[in-house]
Q: 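This is the structure, below, for whatever I ask next.
Keep in mind that what you see is a predicted model, and the values were worked out from it rather than measured. In what follows, chains carry the letters A, B, and so on, assigned in the order in which the sequence lines appear, proteins first and then strands, with residues in each chain numbered from 1.
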Amino acid sequence: MIIASGIRKFYGENAVVDDVSISLPRGGITSIIGPNGAGKSTLLSIISRLLGMDAGSVVVDNLDISTTPSDVLARRLSILRQDNHMTARLTVHDLVSFGRYPYSKGRLTIEDKDHIDRSLDYLNLTELSHRFLDELSGGQRQRAFVAMVLCQDTDYVLLDEPLNNLDMKHAMGMMKLMQKAARELGKTFVLVLHDINFASWYSDHIVAMRDGKVVRQGSTEDIINPEALKAIYDMDINVHEIGGQRISLFYD
Amino acid sequence: MELKIRWSRPAIVLVILVVLALVSIVCFMTLGSRGNWSFVIPFRGRKLLGLLLVAYSIAISTVLFQTVTNNRILTPSIMGFDALYVLVQTSIVFFFGPMMLTLIDPHFQFGMELVLMIGFSWILFYWLFLGEERSLHLLVLVGIVFGIFFRSLSNFMQRLLDPNAFQVLQDTLFASFSTIDSTLLGVAFAIAAIVTLVLWRMGHTFDVLTLGRAHAVNLGVNYKRTVVIILVMVSVLVAVSTALVGPITFFGLLVASLAHGLVGNSRHRYILPTAALLAVICLVGGQTLFERVFAFDTALSIIIEFMGGLVFIILVIRGAAR
């Protein structure tokens, strides 16, 4: 369980994250949704210790992130951000191998190699594994980064807009992969998503943010309804039930 | 088949470079010697050791500096590291008189300079890197501004010096590969060895750092500590090379860029030795060529700086186009 309490983050005078306290349950997929500038990515960066906070605390399975050594946390929790610009020239295989760094510090064991091959296979990257990252399309590169994070084999996986650059097939494949990993391996995924239909269809738990605050949180039913969506996005959104799942139509 | 070529490319490069480096070293030691070997060997050996130390320090410090700052254009000297060294030398002459440079024990003086450079770089980089993520542009600007500030301050003080004092100072400041300051060789060698040991122990973090801060933190690198240690080691290496031959601006950039180009990937276990070997070949080979074949003297630093400057301009233009 990840417990964040009283988190605040200021950029100058502006509070980007304003007194957020949430607890994210263990297991399953939690999606964070909300309009641009709601503080979703900032919150994710704070929880994963990439960004310092001005107030508050984050505890991951009884480990306070501000006092726990970074390499201990790296075996518990992993994060992938949106912007993954890279100056290094690496192959896909090299990149995914870095996922094992928290365990082997660069000297790969046979077990590490298994993990690497499995992650490459999960994301259909085996054939591309010796291509350099700068020779890949945006979607392929995105999958390579996700493979690296999976290879890190942590209980908690935080992904900031993991569906960026992915076509429908790969986006769906990615979500199914997470669902499977959550069910079979007991992993916890925390995602920032912009497509509320993906959030509705695959999440076990949804957190909605707006203006640096958590405005709603709960199960899919609690969030994906016209009243709640109006409060979050400030627009009228029709919600239909199709095949037992809620689908929102926001095209006008 | 393709796979095999990829794997062996850095190895081939390394073998060729080792051979070239050995050839340059042998040529440097033997070509055109007309005296007694028992004189020639220690005499040239000292010079060779100096050149090797300088080559090693510059190559390693530049590659690691680029790794930590995550870019391929900046080098410690572009950021004003060696300008600081010049400032320290100038200040000594300015405040304590030219006799000071000759009177105080060179080891003691070197020690003081080391402490100052480490202190300064620690403050500068602590502020620059470690609060939050700051933009690279800010880093470049601050570094260049500091560099200019140090240089102008040195210039200003040099103008106020009397000509004799200035002469003494000038002697210590010109980059020259022919007149390596051999009093400091022992200390410099020991320091380089210690630095190497420290870096060796943290070698596994280098590749992770090339991924950038966010990935490095995610993978459990203690970012703050690691970066500060590496930067302090870099400033020590810059101090070593500057103390031996004086400030050289673009040489590090030249060998680091060539190394990245030759190796073709970003693994430090290949990049670091490649850069160091390239530096040895350039310095020792170049010095042999100039001393023995062309019978010129101080021109090597000019040629190297010229080439390095060209590489810098090419990198800037290519970077802008991308």
Side-chain angles (χ1 to χ4, degrees), chain A residues 9-11 41 44-45 48-54 65 68-91 93-95 97-108 129-134 145 148-149 151-152 154 156-160, chain B residues 1-7 9-10 63 66-74 130-133 135-136 201-227 256-257 259-271 315 319 322:
Chain A
K9 177 77 190 172
F10 293 94
Y11 285 134
S41 301
L44 211 64
S45 293
S48 57
R49 77 192 177 300
L50 293 187
L51 198 63
M53 50 197 144
D54 295 320
I65 59 154
T68 310
S70 195
D71 57 332
V72 174
L73 280 173
R75 279 172 252 147
R76 293 291 185 92
L77 173 144
S78 52
I79 165 94
L80 180 67
R81 299 209 294 184
Q82 296 173 60
D83 174 34
N84 291 300
H85 173 74
M86 192 129 304
T87 45
R89 192 166 152 76
L90 297 169
T91 63
H93 189 275
D94 288 341
L95 181 75
S97 312
F98 277 115
R100 299 311 293 169
Y101 179 81
Y103 302 90
S104 53
K105 302 278 182 270
R107 288 166 195 265
L108 297 178
S129 67
H130 290 283
R131 289 265 284 273
F132 282 95
L133 288 179
D134 51 8
F145 279 107
M148 174 180 99
V149 173
C151 195
Q152 208 175 327
T154 51
Y156 296 91
V157 182
L158 279 50
L159 302 168
D160 194 351
Chain B
M1 191 60 210
E2 205 191 7
L3 191 81
K4 208 172 156 194
I5 292 169
R6 262 195 234 280
W7 275 109
R9 177 176 160 183
V63 170
Q66 294 190 341
T67 296
V68 166
T69 54
N70 252 307
N71 78 93
R72 294 279 170 73
I73 297 181
L74 295 186
L130 303 165
E132 292 287 319
E133 276 177 86
S135 83
L136 180 63
R201 289 177 55 100
M202 56 198 303
H204 56 86
T205 60
F206 298 162
D207 282 344
V208 182
L209 288 173
T210 54
L211 300 180
R213 181 182 172 276
H215 287 294
V217 172
N218 171 43
L219 292 171
V221 171
N222 187 339
Y223 190 78
K224 239 180 197 186
R225 222 194 65 172
T226 312
V227 167
S257 308
H260 279 289
L262 283 175
V263 172
N265 66 34
S266 302
R267 297 229 177 148
H268 283 81
R269 67 164 71 164
Y270 302 123
I271 299 284
L315 282 176
R322 222 184 291 135

Q: Do Asn218(B) and Leu80(A) make a side-chain contact, defined as non-hydrogen atoms from C-beta onward lying under 4.5 Å apart?
A: no
Q: Check each atom of His215(B) against the heavy atoms of chain A and say whether the ones under 4.5 Å are side chain, backbone, both or neither.
A: side chain
Q: Atom CZ of Arg107(A) and atom NE2 of His204(B): how far apart are they, to the nearest 0.5 Å?
A: 9.0 Å
Q: Just verifying a value: how many Å separate Leu219(B) CG and Lys105(A) NZ, rounded to the nearest 0.5 Å?
A: 9.0 Å
Q: Please state whether the side chain, the backbone, both or neither of Val221(B) comes within less than 4.5 Å of a heavy atom of chain A.
A: both
Q: So, for Val217(B) and Arg49(A), which heavy atoms are closest and what is the spacing to 0.1 Å?
A: O-NH2, 2.7 Å
Q: Side chain, backbone, both or neither: which part of Thr67(B) has a heavy atom under 4.5 Å from chain A?
A: neither
Q: Can you give me the closest heavy-atom contact between Arg89(A) and Ser266(B), atom names plus distance?
A: N-OG, 2.6 Å
Q: More than 12 heavy atoms of other residues, nucleotides or ligands under 6.0 Å from CZ of Arg269(B): is that the case?
A: no
Q: So how far is it from Asp207(B) CG to Leu90(A) CG, rounded to the nearest 0.5 Å?
A: 8.0 Å
Q: What residue, out of Ser45(A), Ser70(A), Ala74(A), Ser48(A), has the most heavy-atom pairs lying under 4.5 Å from chain B?
A: Ser70(A)
Q: Check each atom of Leu77(A) against the heavy atoms of chain B and say whether the ones under 4.5 Å are side chain, backbone, both or neither.
A: backbone
Q: So which atom in Asn265(B) and which in Phe132(A) form the shortest heavy-atom distance, rounded to 0.1 Å?
A: CB-CE2, 4.3 Å
Q: Is it the side chain or the backbone of Leu73(A) that comes within 4.5 Å of chain B heavy atoms, both, or neither?
A: neither
